[in-house]
K.L.:
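Can you read through this structure? Questions will come right after.
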Amino acid sequence: MRALIEEIFVRDLPPLSVPGRGLEAMDDGAALWLGDRWLVVTTDSHVVQPIFFPGGDIGRLAVSGTVNDLAVMGATEVLGLTCAVVLEEGFPREELERIQASVRGACREASAPIVTGDTKVMGKGEIDGIVLTTAGVALTDRVVPDSGLAPGDRILVTGRIGEHGMAILSARHGLRLEGELLSDVAPINGLIRAALAAGGESVSAMKDPTRGGLASALHEMAGKSGVGILLDELAVPVSPAVRAASELVGVDPLVIANEGKAVIGVRPEAAERVLAALRSHPLGREAAVVGVCLAERPGNVILDTGFGRRLLAEPEGELLPRIC
Amino acid sequence: MDSPAALAAENTRLTAAIGQLKFRDPALARRLAETIGRVTAEIGRSPVSVMHVCGSHEQAIARFGLRATFPKDLNVIMGPGCPVCITDMPEVDEGVALARQGLVVASYGDMLKVPGTRRSLADAQAEGARVEVVYSAAQAVELARRLPREQVVFFATGFETTAVATAAVLIADPPENFSVLSAHKYIPPVMEIVAEMPETRVEGFLAAGHAATITGWGIFEGFVERHGIPVVVAGFEPLDILAGLARLVELVRDRTPRIVNMFPRCVTKRGNLRAQEQLWRVFRPLGGRWRGIAHVPNGNLRLREEWAHRDARRRFPIDLTLLWDEEPAALAQECICGDIMSGIASPSDCSLFGKECVPDTPVGACMVSSEGTCKIWHQYGGLPDLRGAL
């Protein structure tokens, strides 16, 4: 996917009209310098099957995804969101109402107003149910890129990983584990605000570990920052339910998507302070320091399994079930 | 039993059970690694070469990064233990031909990309042939029930572990439109071949716990006697593997060729007699090629005469001339998968590795399966040496 984006979309880009970081940075959003502050902009299209899943639905996902993309750029006060809906002809009205209620609920949690929107209907079979596209804008004094890690920095995650992807996987394949597997989908700009208030300039990089999970996020951060990352697998918070399900289906929690978590790089002297701030927030109680940045092996993520060490692979493609 | 409450209770029990697995104790792992290091040093030769013959062992070694804890003087060779990798080209050709002849071919997911002489099952599928991925032999039977108007052929691959499952579904009287194209392989004979290869110099074998669960550890007694090489049966948790290796290097050090069962919670001397009875009721051993390795006497499992009515090779004419008209792929000639599977070459010795041969477009079988050496090297950055402090 990243290769496709780089080959098709990130070429022959016209120059930015103001100084800033645009598409070529391939960060969670763009940051444009307005002379006194940064305007952060991001957009995301959301498709998910099933539309309603344990712990959330496409509406909550659409708001959280965009709010969190802004937040991990350092912009936690959302000026406004847009929401465009494309519906398949015959999409049930009551389901649409449920989704809208969920959009409103997530907006309230994030203090993020929807300021404009659009609705289109496509023919039966031309689209799979519903697609939600949200965009968001926010102002910030300091942009936190995903490329600012330096050797010695600590890597924090804000909670238990793998919950969104495993809930979806379980619901989609009828694993009948739904009772204990709930998506973590949530807007976390408040949590990030607490981390930034505690860490200030010492927060060196942030990313939301969505598709490809923690493994993908760390690879991207390590590659762009030119550092190696030593990840302590036993320190990574994983719920017993996600661990059990991942053993059953043979998918590593490290590559499973999250929708309410952030990966935060912090200078070593501020790590404990930021960790304490995260843990005192309701959405960050399980936050943990999970790794450290190295000057060696730039771009690589080395996994200390507790039993030995290996390079953590960057997740790729669709996994085919194994023979045994 | 299937009530939501009962299922939830079962999930909770399962979750708790996995949480309490005692096979994942890092402190114990460190002590075992120290033992392996100390005993290897006591042997006082370099390298000491031992071989495992199971892709699941390599998978666990890679997953838990155990290689970083092995001493430099211990060479743990990956043997011919990947069932996908050793399925021979003509066997894949048979599956491809049947699919192109209009039959529904069902197979395990990681067989799809394995190259035949010219085509893989995935290629045949892309050209419109009906190829279905199944998770088990039982699921292939389900498929046949769902498609009563089609002929469904289960392309059955894997060692005695999966062959038992194939035997079980045949004995359970599947629908008439279900048949089996057996490419099953039998592990014990290939260990004889590898033990006799002068290049490998294997001093000890780590045998696969799941295969031994069925065959019993007693099956290795004759082998140990004939070759004077110790065999340790080991399970698949990191501690199982480390404990197995520690015992194996002790046996090498003490020059005591014997068989030791380090997986007693599953493996007995006689094994699973009922499974063996079913296995040999349906299959007979037959000599045949393992891809890249050799002709292995008694290494293939073929359906017995009594099961001819289920044997795709006897039920349907398999027209391989359709495939032979075409030139074999030129790149395949350069592939050294065989040497890699025999443990006498590394992927880095191959001119195709990481260039023409990558997981998306594999040339050799070792790049296909998640248990294949080349795939594992490619995925984990060429088994980098991560020993020592960073």
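Order of the sequence lines fixes the chain letters, A, B, ..., with proteins taken first and strands second; residue numbering starts at 1 for each chain.
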K.L.:
How long is the straight-line distance from CZ of A:R310 back to CG of B:L66, given to the nearest 0.5 Å?
P.N.:
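Going from the CG atom of B:L66 to the CZ atom of A:R310 covers 10.5 Å.
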K.L.:
Please report the closest heavy-atom contact between A:G306 and B:P26, naming both atoms and the distance.
P.N.:
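Residues A:G306 and B:P26, closest heavy atoms: O-CB, 3.2 Å.
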K.L.:
Nearest 0.5 Å, please: how far is CD1 in B:I61 from CZ in A:F307?
P.N.:
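Interatomic distance, A:F307 CZ to B:I61 CD1, rounded to 0.5 Å: 14.0 Å.
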K.L.:
For A:L303 and B:R63, which heavy atoms make the closest approach, and how far apart are they?
P.N.:
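Answer, listing the atom of A:L303 first, then B:R63: CD2-NH1, 4.5 Å.
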K.L.:
Please check if the number of heavy atoms outside A:R98 that lie under 6.0 Å from its CZ is greater than 12.
P.N.:
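Not more than 12 within 6.0 Å, no.
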